Structures are given as structure tokens and as C-alpha cells.
Amino acid sequence: MSTSALRRCGAAERWLEALPLGNGRLGAMVWGDPRRARFSLNESTLWSGGPGTDAPHRTPRSEAAAAMTRSRALFEGGAVPEAQAEIERLGASWSQAYLPVGDLTVHLEDPGRDDSPVGRHPAERVLDLSLDEHRVLTAGGEHLSFVSRADEVLVHALPCTDGDRAVLELDSPLLEERRESGPDGLTVLLRAPSDIPAGQFRGEEEIAWDPAAASRAAVVIRSRREGGRLLVVCAVVTTWQGLGRAPDRGAQEALDEATAQAEAALARGEEELHRRHRARRRPGADEVALQLTGSVEAELLTTSFDYGRYLLGSASRPGLPPANLQGLWNARLEAPWSSNFTLNINLEMNHWAAGIAQVPDAAAALEQYVAMLRTAGRETAHRLYGADGWTVHHNSDPWGYTEPVRGEPSWSTWPMGGLWLEQLLGTLTTYDGREAVEIARARFPALREAVAFALCLLHESADGHLVTFPSTSPENLWRAPDGTAVSLSEGTGMDRWLLRETAQQLVEAAVLLGHDHDPVVQRAASTLDLVQAPQIGTDGRVLEWHREGLMEVEPEHRHVSHLGFLYPGAAAATPAQEQAATRSLEARGDEATGWSLVWKACLWARLRRADRVQSLLELYLRPAETADGTERSGLYPNLFSAHPPFQIDGNLGIVAALAECLVQSHRGEIELLPALPPMMADGSVRGLRARPGVTVAMTWSDGVLTALTLQAAGPGALGAHVVRCGAQTLTVELTDLGLFQVEIGPLGPQCTAEEVTAGR
């Protein structure tokens, strides 16, 4: 069995103690009770509603244009609360919700059966993060569970005797349209709601169950005995037709497919299913490994790194919705924040590690999802803003929701989601080893559209610069002169960073492709001189809003959006900007939600402040549940990250934060161990990627590098690379795709390029 595993003693007594399995589409939380196995089921395409559910609520073009004109005039006149009220008119309704399938339970009826744990102690549950398998050990034998990529079913196998009778049960919060049961199987057809209002609207809106506009889920469970064991397989198929398409596939077709999957899997038997499962590995599962030693905290960080990669890969598959606010695992019909896609940080953080830590299916799923949003967001951009290109706001779903959510503009009216997604996709390409011109050719059309939209939001400010309007700093507030808490601004720090970085990417791609005379490219190039870079206030902090001197409603706010230029920004910050970011982070403080701890850890790592990273990692690793019954950021018993409540972005983002402590490459060099906190002082890693696609393997002891291997991931990574470790640098020439061993002397890497080549 792999050493990369989560181990728990005794069965789970609640969902936050259960352990997750997934194959990128089908997911299960395994409770691990050997007497009554329970699986909380999910399927990534099972959402409420469909494309256009929000259409009756959309703001017409004429109304939006009038509201924008009034808002701009009021804002320029200093009437910010009134200007904000006009902007709220753009809000439509809400995005749709990610849903649970239900709970499958399996138990054997035989009063004389011995299912006691080994040695009369509570059973040990083991989730193997390398093999994607869950085991429970009992005196009667092993209980094995996995979700097969090869056969598209949940598999559960357990010891049984001739006198045992298998009992299969399925409970669901969805509407049941059909049920057929027999001695060895169960077939259920479920109907999802046609509309689930987000939590803030539940006082005025009800869940709708219109059968003509709802997804169906076919659940087919089959079992049989073989060689003293019971084999149970469960298939789940929905009426999903694809991203952005109505889920109107025939219910009988879904039932037939699920039945075929379950019966084909059952016929193969446990041994063959297990063999096929291990032969169809999770993409990228074996490409990266981190090992930290020396303390319990170091070992828990190792597990957190492995767990994050496991969760992201297990929740992702190209062509399906990417990992959502809870990845793939959700127990509630009305989950926190609808378990949807939140685009002002959470979806992006989910995928920060997909390039540097090699989770290829996640990157591909995100790319295809954004392609769907581009199509849906063009109409929204034109109708709400009279703009070219495309936009998406704070929330979305797999149906292509791109409107502002109805509500307070601090979290609803943020039209820069498309730019952040394009910035992220652009960053991910820098790790894959492709040649620059190939990347430019692939990225240019999307960058052009995103930048074209942002250019249409620009207005001239009082000081002669260009600023975006409407603009907010996601979820944060400032006080107007009359003391009113407001969020509306112009050209916030985050907007300026996103516009400048994506415009720069567009201009650089255009140069490579010979598209310098494209009108959008020319406007983007001229805009770079008129949109300000990160600004520093008289207090030494980075400016978040349109001007300094504004009173903050919450000085320690969880979002640090105005520092995005530092991380996840892809360019090196100036020393002055780094100093201002330091002052800003100090003012924000460490204590925050789970995902905010992770973002701050990434930022402090970019600042090479290992001491501050250490403090944040300590907060990340603490128990989320306190002795007095309250919750805070930290980890739940199954190591899920707490906002609180559970949000998976902390679990996925911590992978990026730890990687940033080990390898950075945004300054034009491959920098090794740039921000190594004490709890990471001893260890090894292989498989991390540096720009432009250099795979790094290294070991270190007491914070000192002891071994290093580099490898080009593709032709775009060939050539000379400056490698830095502390004050030591050397130039390495990667001439082919083979491995290059770097000799480590007492002061760090000391070899020349010729020695590297000779030592391959």
C-alpha cells in the first residue's frame, strides 16, 4: 500500500469525518462503517436548472445603459451611495446550485456475522491517495472501495458468508420519479430542482421543481457474491448534454446507460475491476511527490500537499464542470453559496496548482469551461455594458450564467471575472514546455476578447488616467463621507492589475504572431501607459481603491485582491511594490478564512518571508473545531479546509502555497527554496514545474539544497536557464529533453553548464 494515505480510527459519525473518492465525474464520501457501509454520492454534472433559467430576470439593454449613465454621473459628483444604487439595477437573479445524488447504504443481514475490527479495536479506515482506494480492515477481512475511471462505477467489495443477505438502500433529497428493487439490485430515477435560489434569496423565493426544465439522475446498483465476498457496483448517469447545453437528454437513455455500466462492471468481478482501476490511473498522480520530515507538522503538510493534488485530480475531467466550491463532494440540496463557481477568488485558487504541481485534467477542464463562458458572456457584455468581448461576474454555473447576481455590488457587480480567468489560463500555459509562439497562437483570440471588453469599461479619471467603471474590490467596503458603507469605485487596484497583465500578455502574443496592427492590440498597448501600475499610498500600503484616505470598513478584510499583482501575478514586483505589499499584509493580519490564509501564504512566499509563511501554515493546520463548539479556519477531521464552513479552495490552494515556498520562476530565474519555513526545513520533491516548463527534482536538509535534477518538459523549455539558490546562481543549458543532474557543493549549486551536460 502507498505511504501517501489518510488514516482514521473508527467509522465516520458525520460527513466531515468521511473520506472522499472520485473519478472526475462520480464522487463518494465513504463513511467506513464495516457493519453498514455508507456512501454519500455526487455526480459533477448534477445541477439545478439549466441554461436560461435566469432569463426572465435579466436587465434589458436600455435599462442597463441608463443605469450606467446615471451611476457614472452620480459617482463623479461624489454621490457614491446613490451611484451604487443605480449599479444594483444590473443584478439579475442567481446562478444555479450543485446537488447531491443521495446516500447509498450497504449492509449484510446475518445476526451471527462477525464484523468486528482486527484485534477488537476500532477499525482503521485508510484512504490511499496514490491508488485512489479506500479500505477498512476487520476481523472478517478487508472492505475495499474505489470509484473506477475505467468502468465509471463506484465499487465496494466486502467479506460475506452464504447466510448473509445483502440490503441495498438509497435515500435522496431529490424528487424520486421511479424505483425498482430486487434481491440483488436497485434502480432509481431522480429529478433535480428546476431552480434553487441562492441562500440570501430564500426568504422570498422557493425551490422550483418544474419537470420540464430539470436534470434527471439515473442510479443503478447491482450486487453479487463471489468467492466469499460481496461485490456492489453503483452507476450514476444524468441527462447532461454538455457545458452550456440544456440537460434534456432522455431519461430512459440515461437509465439504459447506467444499467449497462453497472451490469458490465458486475460481470467483470472484483479482481478484474480492481485491475482495471489500477491500470487507468488518475492523470498526473505519479508525476509529483513531496516528502517533508522532522516533525508531525511536516508530515501533515506532506499529506496536505498530496491530498490537495488528489482532490483536484479526483474532482476534474475535461469536458465536465471543473472543481467547484466543494470540489466534487456536497451533502446538501442547499449547500453553502450553492456550491457553485465563485469567480472573484475561489475558482481561480482551485486551479493555481494545476500547472506548477501538474494536475493536467484540472487545467483542461478549466480551459473548456472558460471557453463556454466566453460564448455565454458575449451577450451579457453587450447588453449590460454595450461592450465588445465577453464578461462574467461573481458567480457562475455549468449552464453559462454570466450576469451579476442580484444583491450588494461588493460581491455581485464585479465584471472582471473573465480577465482573471484568462490571466490564470495564461499562467498555466507557462509551465507546459510549449514554444512561445505556439502558446501565443492558442491564447491570442481569447486574450483579445477579454481585453476588448475591459477597454470598453475605461473612463478618464480626474487626474487624467484611465480607470475601469463600474469597479469594486471584491467583497470589500469603504466609507463614504457620510459614513455609509459602500463598495463602488473606479479603477480599483485589482482591476488595474488584471487589465495591465492581460493587456501585456496580448501585446506580447501579438508581437510573436505579427499582429501588432490589430486595433485591439494597439489600444491595449496605448492603455498600458494610461492605466496605473500598483500605487503606493502615503501610509506605505498598496492602494486598494480609486484614491487614498478612504476609511476602511474592515481593515483586516479576508480578501487581498489589490495584492494580486504580487500573487498570482506572473510578473516580478519592484522592490517598492514588495515593501508596500508587506505593509498591506501586516495591516490585514494573519487570522482569516481558510482560503485567505492560503492566499496570504502565497503572498508571503513571493516576498521570501519564510517566517510569515510558517505562521500561516500553523493556522492552516490547526483544528477548525474548537473545544467550546465554535468553528474557525483550519482543518476538519477529514482534513477538509474550513472557511468555515467547508470550502475546498483551501485544500487545493495549499498545494500552490507549498510549491511557491520551494520553486519560483516569475522573476526570470528558477529560484529554489526561496521561502522555506522551519517546518519544511528537511525534505525532497520531484515533479514541480518552473517556467517555461522545467521539471525540478531536489532534496534539502536543514534548509540547504543537497541534490538537484532539471528536465525540460518540452521544446519551449530548452536553452539556458539561470538557477538561483539563495545568493548562489549558475546557468544551466538544457539541450534536450533528458535529465540534467546538478552537482551541489558546500555553497550550493556550483557546476557549469558543461558539467551538467556531462553528468546527465
Side-chain angles (χ1 to χ4, degrees), residues 12 14-16 18 20-23 25-31 33 36-50 96-107 145 147 152-156 166-182 185-197 202 206-223 232-240 247 249-259 261-262 321 324 326-336 338-340 398:
R14 55 194 175 116
W15 192 86
L16 286 170
L21 290 171
N23 69 354
R25 179 188 65 84
L26 180 61
M29 295 293 289
V30 187
W31 291 57
D33 186 341
R36 187 179 182 86
R38 180 177 176 181
F39 303 90
S40 298
L41 301 174
N42 291 103
E43 209 277 354
S44 70
T45 67
L46 185 58
W47 292 67
S48 63
Q96 291 303 307
Y98 179 57
L99 307 173
V101 174
D103 276 17
L104 164 66
T105 56
V106 179
H107 69 278
S145 308
V147 181
E152 293 293 353
V153 292
L154 166 68
V155 176
H156 180 58
V167 179
L168 308 174
E169 300 173 354
L170 181 74
D171 295 315
S172 175
L174 306 181
L175 193 151
E176 189 173 302
E177 292 189 336
R178 175 177 168 184
R179 178 180 286 255
E180 299 175 0
S181 60
L186 179 64
T187 298
V188 180
L189 180 65
L190 302 168
R191 188 173 86 220
S194 56
D195 190 11
I196 296 185
R202 288 293 285 117
E206 295 296 326
I207 296 176
W209 295 88
D210 180 2
S215 295
R216 268 70 172 182
V219 185
V220 178
I221 307 156
R222 297 290 184 265
S223 69
V232 179
V233 298
C234 175
V236 181
V237 175
T238 73
T239 51
W240 167 265
R249 182 186 184 194
Q252 188 59 50
E253 185 180 344
L255 277 165
D256 291 345
E257 182 177 336
T259 301
Q261 288 177 350
N324 61 48
Q326 294 181 212
L328 181 61
W329 303 275
N330 166 38
R332 296 168 54 183
L333 189 69
E334 295 182 82
S338 301
S339 192
N340 61 16

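Model, not experiment: these values are computed from the prediction. All heavy atoms count here, side chains included; hydrogens, waters and symmetry mates do not. FYI, the numbering just counts along the sequence from 1.
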Exercise. For Trp240, what residues pass the ring-ring contact (aromatic ring centres under 6.0 Å, His included) criterion, not counting sequence neighbours?
Worked result: Trp399
Problem set entry | Nearest non-hydrogen partners of Val219 and Cys234, listed with the distance | CG1-SG, 3.9 Å
Exercise. Is the closest side-chain heavy-atom distance between Glu334 and Ile207 below 4.5 Å?
Worked result: yes
For this session: Applying side-chain contact (heavy atoms from CB on, under 4.5 Å) between Leu170 and each of Thr105, Thr187, Leu41, report the one that passes.
Result: Leu41
Problem set entry | By salt bridge (charged side-chain N to carboxylate O under 4.0 Å, His left out) - contacts of Arg332 (at least two apart) | none
Exercise. What is the minimum heavy-atom distance between Ala192 and Leu99, and which atoms define it?
Worked result: CB-CD1, 3.5 Å
Exercise. Taking atom CG of Leu328 and atom CG of Leu21, what is their separation to the nearest 0.5 Å?
Worked result: 10.0 Å
Problem set entry | salt bridge (Lys or Arg N to Asp or Glu O under 4.0 Å): pairs with one or both residues in residues 185-194, sequence neighbours excluded | Glu177-Arg191
Problem set entry | Heavy-atom side-chain contact between Ser223 and Ile221 under 4.5 Å | no
Exercise. Between Leu174 and Pro100, which heavy-atom pair has the shortest distance, and what is it?
Worked result: CD1-O, 3.6 Å
Exercise. If you look at every heavy atom in Thr238 and Ala254, which pair is closest and at what distance?
Worked result: O-CB, 3.9 Å
Exercise. Measuring from Ser181:OG to Leu168:CG, what's the distance to the nearest 0.5 Å?
Worked result: 9.5 Å
For this session: Compare all side-chain heavy atoms of Leu186 with those of Leu104 and state whether any distance is below 4.5 angstrom.
Result: no
Exercise. Run the side-chain contact (heavy atoms from CB on, under 4.5 Å) check on Ser145 and Phe39 step by step: do they pass?
Worked result: CA-CA 10 Å; Ser145 308; Phe39 303 90; 3.6 Å; yes
Problem set entry | Atom of Ala335, atom of Asn330 and distance for their closest heavy-atom approach | CB-OD1, 3.2 Å
Seminar exercise, completed: Result for side-chain contact (heavy atoms from CB on, under 4.5 Å) between Trp47 and one of Ser338, Ser339, Pro193, Pro398 points to Pro398
Problem set entry | Set of salt bridge (charged side-chain N to carboxylate O under 4.0 Å, His left out) partners for Glu152, sequence neighbours left out | Arg25, Arg317
Exercise. Do Ser40 and Trp329 get their side chains close enough for a donor-acceptor pair, meaning under 3.5 Å?
Worked result: no
Exercise. For Trp15, which residues count as a ring-ring contact (aromatic ring centres under 6.0 Å, His included) partner, sequence neighbours excluded?
Worked result: Phe640, Phe646
For this session: Classify the side-chain pair Arg249/Ser215 by whether it contains a donor and acceptor separated by less than 3.5 Å.
Result: no
For this session: Take Thr259 and Arg222 through the test side-chain contact (heavy atoms from CB on, under 4.5 Å) and record every step on the way to the result.
Result: CA-CA 9 Å; Thr259 301; Arg222 297 290 184 265; 4.2 Å; yes
Exercise. Does a side-chain heavy-atom distance below 4.5 Å link Leu189 with Arg216?
Worked result: yes
For this session: Decide yes or no for Tyr98 and Gln326: does some side-chain heavy atom of the first lie under 4.5 Å from some side-chain heavy atom of the second?
Result: no
For this session: Indicate yes or no: at least one non-hydrogen side-chain atom of Asp195 is less than 4.5 angstrom from one of Ser48.
Result: no
For this session: Check Ala213 against Ser194 and note the closest heavy-atom contact, atom names and distance.
Result: O-CB, 3.3 Å
Exercise. Counting N and O atoms only, with roles assigned by atom type, does the side chain of Ser172 sit under 3.5 Å from a partner on the main chain of Val101, one being a donor and the other an acceptor?
Worked result: yes
For this session: Examine the side chains of Asn340 and Gln96 and answer whether a donor and an acceptor come within less than 3.5 Å of each other.
Result: no
Exercise. With distance as the sole test, does Thr239 use its side chain to make a donor-acceptor pair with the main-chain N or O of Pro247 at under 3.5 Å?
Worked result: yes
For this session: Sequence neighbours left out, what passes salt bridge (charged side-chain N to carboxylate O under 4.0 Å, His left out) with Asp103? Give chain and number order.
Result: Arg38
